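Order of the sequence lines fixes the chain letters, A, B, ..., with proteins taken first and strands second; residue numbering starts at 1 for each chain. In this text the structure is predicted, and so the values were computed from the model without any measurement.
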There are 2 protein chains.
Amino acid sequence: MADTQGNQTVGQETLLYLTDEQLRQGIEAMFFAYRGFTADPDRILATLSYGRAHHRALHFIHGAPGTTVNNLLSILGVTKQSLNRVLRTLIEDGLVESRVGRQDKRERHLFLTEDGVALDARLSDAQRARMRAAYKQAGPEAVAGFKTVLEAMMDPEMRRQYQRLREGRG
Amino acid sequence: MADTQGNQTVGQETLLYLTDEQLRQGIEAMFFAYRGFTADPDRILATLSYGRAHHRALHFIHGAPGTTVNNLLSILGVTKQSLNRVLRTLIEDGLVESRVGRQDKRERHLFLTEDGVALDARLSDAQRARMRAAYKQAGPEAVAGFKTVLEAMMDPEMRRQYQRLREGRG
DNA sequence: TTGGAATGTCAACAAGGCTGACTTAAAGTC
DNA sequence: GACTTTAAGTCAGCCTTGTTGACATTCCAA
């Protein structure tokens, strides 16, 4: 039993014959889609002389208010020097607030200020509008498949981060 | 009729109630998955003092041998100065060959040399291995959905590029 | 023959990664 | 109490890869 995709069903199991061409399409789809994914917020950021790194910081601080610098570091997967440069400008510009920890005073807990929330919303709205359009066009089954494949593509450590974030908001 | 995803079916149509949380998950999935997507070739590139830009050039020259610089430019979406820097090192290192056009001698047609093919294969193998694993784990329906959503997420111009490349290899 | 297109090149700059070295403060441990 | 470890911040310098702007060359086409 072979379907139009070139897959075969043997008993209960569907064996995937993944040709190089099919995988290549997936690779190129990721490349082109990621560009679209970042295009809208990038345009906004450019007018503010911020970059993608600022957007990422805002996004994850918004999603986990009070997160520590170390925690943010491991989510973003960059060095503290790299994050610090971004974080410093966000704090200077009054978009992020850094509060000394109460139990552990070495830690800094990060929060968005009112302005930070506003910018994050502007960036997120732009990005979500495109996601929403894509989701609507593709339909709910495609969306489920989309998330399944993306999750399978992550490094195990990143998958843990991803799931932890979801649960934290669950 | 509401399903577990919070969607409703009214007549033939499924209305998607896309909550911010659902969209947010998609955004984070893209972020973490893209990191995984590039991680394996990045490790190889680092040992060769090449970067992602070199990989992309090799990938698309491999996929469309004889492509012109201008064509490559529009696929990659960078400036000619930026591409030129990368292309120059690849040519110097004997991975890419640039041939003056026969009809239009202003154009340069780009080809991978034997060494270029070898490096592209090494990088592609690493990237495809992860894709293949993800595809196998997720199953064929998920893969179809994955591609549908990614395609819907692209800028129209990039979607045209993507489809043109597929057709070219058809 | 002249204008425009495709290409290449030089210079300068910026974002955002990286490493390494070092400080400060707090927490934990022996 | 002394010592070690941890969290965070900072400074300096480097790399890749993107950008703009200016300009030369080549050559097709009107």
Check your understanding: Can you tell me how far C1' of dC18(C) sits from CG of Leu73(A), to the nearest Å?
Key -> 13 Å

Review point. Of the candidate nucleotides dC11(D), dG16(C), dA8(D), which contains the atom at the shortest distance from the side chain of Gln81(A)?
Key: dC11(D)

**Study point:** Donor-acceptor contact present, side-chain Arg159(B) to main-chain Glu151(B), <3.5 Å
**Key:** yes

Review point. Please give, in whole Å, the distance from dG8(C) P to His109(B) NE2?
Key: 11 Å

Point to revise | OP1 or OP2 of dG17(C) under 4.0 Å from side-chain N/O of Arg56(A) | key: yes

Exercise for review: Mind calculating the distance between CZ (Arg102(A)) and P (dA7(D)) to the nearest angstrom?
Suggested key: 20 Å

Review point. dG17(C), dA8(D), dT10(D): which one has an atom nearest the side-chain heavy atoms of Asn84(A)?
Key: dT10(D)

Review point. Would Arg99(B) and Glu97(B) pass as an ion pair if we require N to O under 4.0 Å?
Key: yes

Practice item. Between dA8(D), dT26(D), dT19(D), spot the one nearest the side chain of Arg106(B), thanks. Key: dT26(D)

Point to revise | Atom pair distance, as rounded to whole Å: CD in Gln103(B) and C1' in dA6(C) | key: 15 Å

Check your understanding: Counting side-chain heavy atoms from CB outward, which of dG8(C), dG20(C), dA6(C) is closest to Ser98(B)?
Key -> dG8(C)

Check your understanding: Which part of the nucleic acid does Arg85(B) contact within heavy-atom distance under 4.0 Å: base, sugar-phosphate only, or nothing?
Key -> base

Point to revise | Interatomic distance where NZ belongs to Lys105(A) and C1' belongs to dG28(C) [whole Å] | key: 15 Å

Practice item. Would you tell me if any nitrogen or oxygen in the side chain of Arg108(B) comes within less than 4.0 Å of OP1 or OP2 on dG8(C)? Key: yes

Practice item. Output the single nucleotide from dT7(C), dG9(D), dC10(C) whose closest atom is nearest the side chain of Lys80(A). Key: dG9(D)

Review point. Quick one: is Asn70(B) getting a side-chain N or O under 4.0 Å of the dA5(C) phosphate, OP1 or OP2?
Key: no

Study note, to complete from the structure: Contacts of Ser49(B) and Ile91(A) projected onto DNA chain D by closest heavy atom; the upstream (5') one is Ile91(A)

Check your understanding: How do Leu83(A) and Val69(B) order along DNA chain C: which one's closest nucleotide is nearer the 5' end?
Key -> Val69(B)

Review point. Quick one: Arg99(B) CZ to dT7(C) P, roughly how many Å, whole number?
Key: 16 Å

Practice item. Could you give me the CA-CA distance, side-chain angles and deciding distance for Phe37(B) and Phe32(B), then say whether ring pair (Phe, Tyr, Trp, His ring centres under 6.0 Å) is met? Key: CA-CA 9 Å; Phe37(B) 171 68; Phe32(B) 289 124; over 10 Å; no

**Study point:** Rounded distance in Å - CG (Leu48(A)) to C1' (dA15(C))
**Key:** 15 Å

Check your understanding: Just to confirm, is there a sub-4.0 Å distance from OP1 or OP2 of dG18(D) to any side-chain nitrogen or oxygen of Thr79(B)?
Key -> no

Check your understanding: Between atom CG in Asp42(A) and atom P in dG16(C), what is the gap in whole Å?
Key -> 9 Å

Check your understanding: Going by atom types alone, do Gln25(A) and Glu21(A) pair a side-chain donor with an acceptor below 3.5 Å?
Key -> yes

Exercise for review: Calculate, to the nearest 0.5 Å, the distance between atoms CG and CD belonging to Leu87(A) and Glu92(A) respectively.
Suggested key: 10.5 Å

Check your understanding: Between Glu28(B) and Arg169(A), does at least one N-O distance fall below 4.0 Å, as a salt bridge requires?
Key -> yes

Exercise for review: Scan His54(A) against the nucleic acid and name what it touches under 4.0 Å (heavy atoms): base, sugar-phosphate only, or nothing.
Suggested key: sugar-phosphate

